[in-house]
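Numbered from 1 within each chain, the chains take letters A, B, ... in sequence-line order. Owing to the predicted nature of the structure, the values given are computational and were not obtained by experimental measurement.
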Protein chains: 2
Amino acid sequence: MESEVSQCRVEEALGIVVGKWKPVIILYLLHEGTKRFSELKRSMPGITQKMLTKQLRELEEEDIIKRVVYPQVPPKVEYSMTDYGRTLSPILEAMHEWGTNHVIHKQTIKVVEKEA
Amino acid sequence: MESEVSQCRVEEALGIVVGKWKPVIILYLLHEGTKRFSELKRSMPGITQKMLTKQLRELEEEDIIKRVVYPQVPPKVEYSMTDYGRTLSPILEAMHEWGTNHVIHKQTIKVVEKEA
DNA sequence: TGCTATAGTATCCGAAAAGATACCATAGGA
DNA sequence: TCCTATGGTATCTTTTCGGATACTATAGCA
């Protein structure tokens, strides 16, 4: 039983959460519950339709979010977290907290460097 | 005080941890302590010298790891986690755990799909 | 004299991710 | 009759990431 670095499963979690938009999508759905495609798009200024669709499909593929299509015209599609997807919450929250602190920490480093 | 998605600081943490090699480097240094450049390289088959150097420089820049150069020839350079860098540990461990479980979960989904 | 080990740099290349843009179907309303 | 809203797809271009390869310096050793 050696400590093999190659058995690292961090990338499994990372692969789901990384990207410019995925954490935003997940946190939004975690906090706001069920949302329509158009609501997601409006809440993420700068994202293209193609990008949003792609990210949502990938998250759905991994069973993180649920996609419900209502047979209407114009179409209505709702997205929400799955129970399984919600298990990501502690990780996301921890990263959010760490990230918030890191912004401050970076400024502290710079000050220390200037003094030195 | 509205829940603005754009204030999301997850990316701050994510930016440090993502990449093909960074989680591996961090976990290795967390578990094994101080390591020389050549030891890191040997423990990560497939990484090029350029990549390893680049990742290490970026982690050093963010105050996650410490770089100590010994004025010798041939050169000796040691890398280790900073105290601050060690604060990433819970996040990495959580992701590792989640990732390990996710590998199993994906198989479960496939089985359920086949049955349906 | 030439070879090795160490910790790098410098360039170039290909693949992958992200973005811009245009297009589609159709119910309901003006 | 034409326009709008919705939730997409299909292409093309740009940007970024990662990798291959070659090059560097120099102490010590045979």
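If you take NZ of K41(B) and P of dT6(C), they are 10 Å apart, rounded to a whole angstrom. Counting to the nearest Å, the C1' atom of dG8(D) and the CD atom of E60(A) are 13 Å from each other. Between Q49(A) atom CD and dC23(C) atom C1' the separation is 11 Å, expressed in whole Å.
With a 6.0 Å radius and a threshold of 12 heavy atoms from other residues, nucleotides or ligands, K76(B) has its NZ atom above the threshold.
Ranked by how close their nearest DNA chain D nucleotide is to the 5' end, P75(B) and S38(A) are led by S38(A). Comparing T53(A) and R42(A) by the nucleotide of DNA chain D whose heavy atom lies nearest to each, the residue mapping closer to the 5' end is R42(A).
The listed nucleotides are dG8(C), dG7(D), dA7(C); the one nearest the side chain of R36(B) is dA7(C). In the set dG8(C), dA7(C), dG7(D), dG7(D) carries the atom at the smallest distance from any side-chain atom of R67(A).
Of the possible donor and acceptor atoms, none in the side chain of E12(A) sits under 3.5 Å from a partner among the backbone N and O of R9(A). The closest donor-acceptor contact from the side chain of T82(A) to the backbone of D63(A) lies under 3.5 Å.
Rounding to the nearest 0.5 Å places NZ of K22(A) at 10.0 Å from CG of L56(A).
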N/O to N/O distances under 3.5 Å, protein versus nucleotides 16-19 of chain D:
from    : atom 1 : to     : atom 2 : distance (Å)
dG18(D) : OP1    : K20(B) : N      : 3.4
dG19(D) : OP1    : K20(B) : NZ     : 2.4
dG19(D) : OP2    : W21(B) : NE1    : 2.9
dG19(D) : N7     : K50(B) : NZ     : 3.4
dG19(D) : O6     : K50(B) : NZ     : 2.0

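Between H102(A) and Y84(B), the ring-plane angle classifies as parallel under the 30° and 60° cut-offs.
Within the 4.0 angstrom heavy-atom criterion, only backbone atoms of the sugar-phosphate kind lie near Y79(A); the bases stay farther away.
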